[in-house]
Enquirer: 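Mind looking over this structure? Questions follow.
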Amino acid sequence: MSAPHPVIGVLRAGALLGMGWVVAAGLAWELFGLPWAVLILLVWLLLQRLLHGAVQRLGEAIRAETAPRAASRAPEEDPTC
């Protein structure tokens with residue numbers, strides 16, 4: 001079994017951090033009221049959108065970089081066989 005790609009670790013960390021923001025919004029609601037909880041969730045959504053775009057661009061860059069390598073490593077077909 002091969003090791004997972006480093007991007008998977010970034011996505012897992014992002015999910016854990018995302019849950020932290022939801023917990024922080026719940027605590028803010030309990031301590032300071034609904035407006036602060038909504039503000040925290042809006043900030044979290046904006047950060048999620050920003051970080052999702054960064055991870056998507058990283059994935060596209062990795063695919064663009066590895067595609068030529070995979071094509072150059074492919075065995076050449078012998079047309080006579």
Enquirer: What I'd like to find out is whether the side chain of Arg49 reaches to under 4.5 Å of the side chain of His52, using heavy atoms alone.
Expert: no
Enquirer: Taking it one step at a time, do Trp21 and Val43 satisfy side-chain contact (heavy atoms from CB on, under 4.5 Å)?
Expert: CA-CA 9 Å; Trp21 280 88; Val43 168; 3.8 Å; yes
Enquirer: Hydrophobic clustering (ILVMFWY, side-chain heavy atoms < 4.5 Å, transitive) - are Phe32 and Leu39 grouped together?
Expert: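 Shared cluster, yes.
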Enquirer: Find the distance between CG (Leu27) and CD (Glu30) and round it off to the nearest 0.5 Å.
Expert: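 Here the rounded value is 8.0 Å.
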Enquirer: How close do Gly18 and Trp44 get, counting heavy atoms only, and between which atoms?
Expert: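 Heavy-atom minimum between the residues: CA-NE1, 3.2 Å.
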Enquirer: To the nearest 0.5 Å, how far apart are CG in Leu41 and CG in Leu34?
Expert: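 Answer rounded to 0.5 Å: 9.5 Å.
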Enquirer: Which atoms form the tightest heavy-atom contact between Ala37 and Ala25, and what is the distance?
Expert: CB-O, 3.3 Å
Enquirer: Please tell me whether Leu47 and Ile40 are part of a single hydrophobic cluster in this structure, the criterion being side-chain heavy atoms less than 4.5 Å apart.
Expert: yes
